[in-house]
Participant: 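Please read through the structure below; I'll follow up with questions.
Because the structure is a prediction, the values reported are computed rather than measured. In listed order, ligands and their atoms are each counted from 1.
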Amino acid sequence: MNNPFSLEGKNAWITGASYGIGFNIAKAFVGAGIKTIIFNDINEAALERGLANYKEAGIENVKGYVCDVTDEVAVKALVEKIHAEVGQIDILVNNAGIIKRIPMHEMKRQEFQQVIDVDLVAPYIVSAAVIPEMMERREGKIINICSMMSELGRETVSAYAAAKGGLKMLTRNICSEYGEYNIQCNGIGPGYIATPQTAPLRERQPDGSRHPFDSFICAKTPAGRWLNPEELGGPAVFLASHASDAVNGHVLYVDGGILAYIGKQP
Ligand code: NAP
Ligand code: GCO
């Protein structure tokens, strides 16, 4: 009986996976038997740091490339290079992302556009470059890393919420347009995860007290804590494996229950 959660023999490209959520999804894929992890980062120095992280984790079946996911020409060239050097891309995880926490009325258009470019346009660019080969093979898995902000808004994250809300609908549209090619496109909506991206929200105050946002999020999460990036690995393996062949266009919220909870009474 084959294990439907196995990723044996598969190649996975996880964008921006030098560290953080992408890196931990890569570790989970390795645990599920992945053949090759492919990742990219924005410059040589960042790539070297990423490769060092994989080496420290004892992961050797990894290929890293320099590529800015917003650069369509570079992405298309990288896809060709991956096909030549590694082989087919069975699983694509659109993980690379940025956030800028600025009140909307104070945000510069260029700042808004930069978030949209990385968090929404880039998943389109990368998916459009990868899908033709998946169509030929009539098989593929695409996982878009969405967010609580695919469903909810909050102060200072207008561009990010617009991008992640759009990414939820891009996920549904890729499902709709390519399901007939046996390509499943789903999203993962992480809750509040302790990574460098959220570090500013967890910093101790000058007086040593907890950051107000740290306390706020713990009150909004039923488990009363920030989630760990490792906790996204299992859901990602599920959506990358044949165990989810009948799941398409879905955003799996890995949020510890935030979306279900009104929040702890002060
Ligand atoms: P992170 O720690 O900031 O890591 C983001 C990664 O994306 C970094 O490796 C970064 O590389 C890379 N990246 C950014 N822009 C890029 C570009 N233009 N081209 C290539 N790589 C690029 O973020 P994270 O917390 O792991 O988040 C990963 C994903 O999960 C993001 O899409 C984020 O929006 C989403 N998410 C995070 C949380 C959370 O609570 N942490 C919750 C929900 C969703 P550099 O370091 O070189 O810039
Ligand atoms: C923020 C956080 C969130 C998380 C994540 C929540 O400033 O509110 O950065 O946006 O990154 O997206 O799911």
Participant: Is it the side chain (CB and beyond), the backbone, both or neither of Val118 that lies under 4.0 Å from ligand 1, heavy atoms counted?
Facilitator: side chain
Participant: In terms of atom number and element, which parts of ligand 1 are under 4.0 angstrom from non-hydrogen atoms of Gly20?
Facilitator: 26 (O)
Participant: Any atoms of ligand 1 less than 4.0 Å from a non-hydrogen atom of Tyr160? List them with their elements.
Facilitator: 33 (C), 34 (O), 35 (C), 36 (N), 44 (C)
Participant: Does any donor atom in the side chain of Thr36 or Asn61 lie under 3.5 Å from an acceptor atom in the other side chain?
Facilitator: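 Side-chain D/A pair, Thr36 to Asn61: absent.
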Participant: Tell me: protein heavy atom nearest atom 8 (C) of ligand 1, and distance?
Facilitator: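 The closest one turns out to be Tyr19 OH, 3.5 Å.
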Participant: Are Ile145 and Tyr192 connected into the same hydrophobic cluster when the rule is that any two of I, L, V, M, F, W, Y join if their side-chain heavy atoms are below 4.5 Å apart?
Facilitator: no
Participant: Are side-chain heavy atoms of Leu239 and Val247 found at a separation under 4.5 Å?
Facilitator: yes
Participant: For ligand 1, note which part of Asp68 has a heavy atom under 4.0 Å away: side chain, backbone, both or neither.
Facilitator: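 Both the backbone and the side chain of Asp68 come within reach of ligand 1.
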Participant: So which atom in Asn53 and which in Phe23 form the shortest heavy-atom distance, rounded to 0.1 Å?
Facilitator: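 Smallest heavy-atom distance, with atoms named: O-CZ, 3.5 Å.
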Participant: Taking distance alone, with no angle check, do Asp41 and ligand 1 share an N/O pair under 3.5 Å?
Facilitator: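 In this structure, Asp41 places an N or O atom under 3.5 Å from an N or O of ligand 1.
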Participant: To check your reading of the model: name the closest protein heavy atom to atom 40 (O) of ligand 1, its residue, and the distance in Å.
Facilitator: Ile193 N, 2.9 Å
Participant: Pairs of nitrogen or oxygen atoms closer than 3.5 Å, one from Lys164 and one from ligand 1: do any exist?
Facilitator: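 Checking ligand 1 against Lys164, an N or O pair does fall under 3.5 Å apart.
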Participant: Looking only at side-chain N and O atoms, does Asp41 offer a donor or acceptor that is under 3.5 Å from a partner on Ser18?
Facilitator: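 Result is yes, a qualifying pair exists.
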Participant: Say whether Gly50 and ligand 1 are in contact under the criterion: heavy-atom distance to a ligand atom below 4.0 Å.
Facilitator: no
Participant: Which of the numbered atoms in ligand 1 are below 4.0 angstrom from a heavy atom of Cys67?
Facilitator: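 Result: 19 (N), 20 (C).
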Participant: Would you say that Ile38 contacts Val86 through its side chain, given a criterion of any heavy-atom pair below 4.5 Å between the two side chains?
Facilitator: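 Yes; the side chains approach each other to less than 4.5 Å.
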Participant: With atoms numbered from 1 as shown, which atoms in ligand 1 lie under 4.0 angstrom from a non-hydrogen atom of Pro190?
Facilitator: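 By the 4.0 Å cutoff, the relevant atoms are 42 (C), 43 (C), 44 (C).
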Participant: Considering only heavy atoms, does Cys146 approach ligand 1 within less than 4.0 Å through its side chain, its backbone, both, or neither?
Facilitator: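 It is the backbone that touches ligand 1; the side chain stays farther off.
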Participant: Could you tell me the residue and atom name of the protein heavy atom closest to atom 37 (C) of ligand 1, and the distance to it rounded to 0.1 Å?
Facilitator: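 In this structure, atom 37 (C) of ligand 1 has Ile21 CD1, 3.5 Å as its nearest protein heavy atom.
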Participant: So which heavy atom in the protein is nearest atom 5 (C) of ligand 1, and how far is it from that ligand atom?
Facilitator: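 Its nearest protein heavy-atom neighbour is Gly97 O, 3.6 Å.
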Participant: Below 4.0 angstrom from a heavy atom of Ile145, which ligand 1 atoms are there? Numbered from 1 as shown, please.
Facilitator: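 In order of numbering, the contacting atoms are 29 (C), 30 (O), 35 (C).
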Participant: Please classify the Ile98 to ligand 1 contact at 4.0 Å (heavy-atom distances, strictly less than): side chain, backbone, both or neither.
Facilitator: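 Only the side chain of Ile98 comes within reach of ligand 1.
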Participant: Could you verify whether a donor N or O on one side chain and an acceptor N or O on the other, from Ser176 and Arg172, lie under 3.5 Å apart?
Facilitator: no
Participant: Determine, using the 4.5 Å side-chain heavy-atom cutoff (strictly less than), whether Ile193 and Met148 are members of one ILVMFWY cluster.
Facilitator: no
Participant: Will you find, in the side chains of Tyr181 and Glu139, an N or O donor that is under 3.5 Å from an N or O acceptor?
Facilitator: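 Short answer, no.
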Participant: Is atom CD of Gln205 surrounded by more than 12 heavy atoms (other residues, nucleotides or ligands) closer than 6.0 Å?
Facilitator: yes
Participant: Enumerate the atoms of ligand 1 whose separation from the nearest heavy atom of Ile42 is less than 4.0 angstrom.
Facilitator: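 Matching atoms, with element in brackets: 17 (C), 18 (N), 47 (O).
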Participant: Within a distance under 4.0 Å of any heavy atom of Thr195, pick out the atoms of ligand 1 and give their elements.
Facilitator: 2 (O), 24 (P), 25 (O), 41 (N)
Participant: Return a yes/no value for Asn95: is any of its N or O atoms, backbone included, closer than 3.5 angstrom to an N or O of ligand 1?
Facilitator: yes
Participant: For atom 42 (C) of ligand 1, which candidate among Ala199, Ser147, Gly191, Ala194 provides the closest heavy atom?
Facilitator: Gly191
Participant: Name the closest protein heavy atom to atom 12 (C) of ligand 1, giving the residue it belongs to and the distance to 0.1 Å.
Facilitator: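 Of the protein heavy atoms, Gly16 CA, 3.8 Å lies nearest.
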Participant: Output yes when the distance from some N or O of ligand 1 to some N or O of Ala17 is under 3.5 Å, and no in every other case.
Facilitator: no
Participant: Between Ala122 and ligand 1, which residue portion shows a heavy-atom distance shorter than 4.0 Å: side chain, backbone, both, or neither?
Facilitator: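 The answer is neither; Ala122 stays 4.0 Å or more away.
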Participant: Could you go through Phe216 and Leu201, starting from their C-alpha distance and side-chain angles, then the distance that decides it, and tell me whether this counts as side-chain contact (heavy atoms from CB on, under 4.5 Å)?
Facilitator: CA-CA 10 Å; Phe216 167 69; Leu201 305 175; over 6 Å; no
Participant: Going by heavy atoms in the side chains, are Tyr253 and Ser150 under 4.5 Å from each other?
Facilitator: yes
Participant: Name the closest protein heavy atom to atom 3 (O) of ligand 1, giving the residue it belongs to and the distance to 0.1 Å.
Facilitator: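 Protein heavy atom at minimum distance: Gln197 CB, 3.5 Å.
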Participant: Heavy atoms under 4.0 Å from ligand 2: which residues qualify?
Facilitator: Ile99, Arg101, Ser147, Met148, Met149, Arg154, Val157, Tyr160, Pro190, Gly191, Tyr192, Gln197, Thr198, Leu201
Participant: Which atoms of ligand 1 are found less than 4.0 Å from any heavy atom of Ala46?
Facilitator: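 The atoms of ligand 1 under 4.0 Å from a heavy atom of Ala46 are 47 (O).
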Participant: How far is atom 13 (N) of ligand 1 from the closest protein heavy atom, and which atom is that?
Facilitator: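 Looking only at protein heavy atoms, the one closest to atom 13 (N) of ligand 1 is Ala96 CB, 3.9 Å.
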Participant: Do Asp71 and Val69 have side chains that approach each other closer than 4.5 Å (heavy atoms only, starting at C-beta)?
Facilitator: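 In short, these two side chains do not touch, never coming nearer than 4.5 Å.
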Participant: Any side-chain donor paired with an acceptor under 3.5 Å for Ser244 and Lys141?
Facilitator: yes
Participant: Just checking, any donor-acceptor pair under 3.5 angstrom between side chains of Glu180 and Asn182?
Facilitator: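 No - no donor-acceptor pair under 3.5 Å links their side chains.
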Participant: Could you go through the side-chain hydrogen bond (donor to acceptor under 3.5 Å, both in side chains) check for Thr171 and Asn186 one step at a time?
Facilitator: CA-CA 6 Å; Thr171 300; Asn186 292 288; over 6 Å; no
Participant: How about Asp90 and Gln88: does a side-chain donor come under 3.5 Å of a side-chain acceptor?
Facilitator: yes
Participant: In terms of residue, atom name and distance, what is the protein heavy atom nearest to atom 19 (N) of ligand 1?
Facilitator: Val69 N, 3.1 Å
Participant: Does the gap between the ring centers of Phe39 and Tyr54 come in under 6.0 Å?
Facilitator: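 They qualify: ring centres under 6.0 Å apart.
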Participant: Taking the side chain as every heavy atom from C-beta outward, state whether Glu106 and Glu111 have any pair of such atoms under 4.5 Å apart.
Facilitator: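 No, their side chains stay 4.5 Å or more apart.
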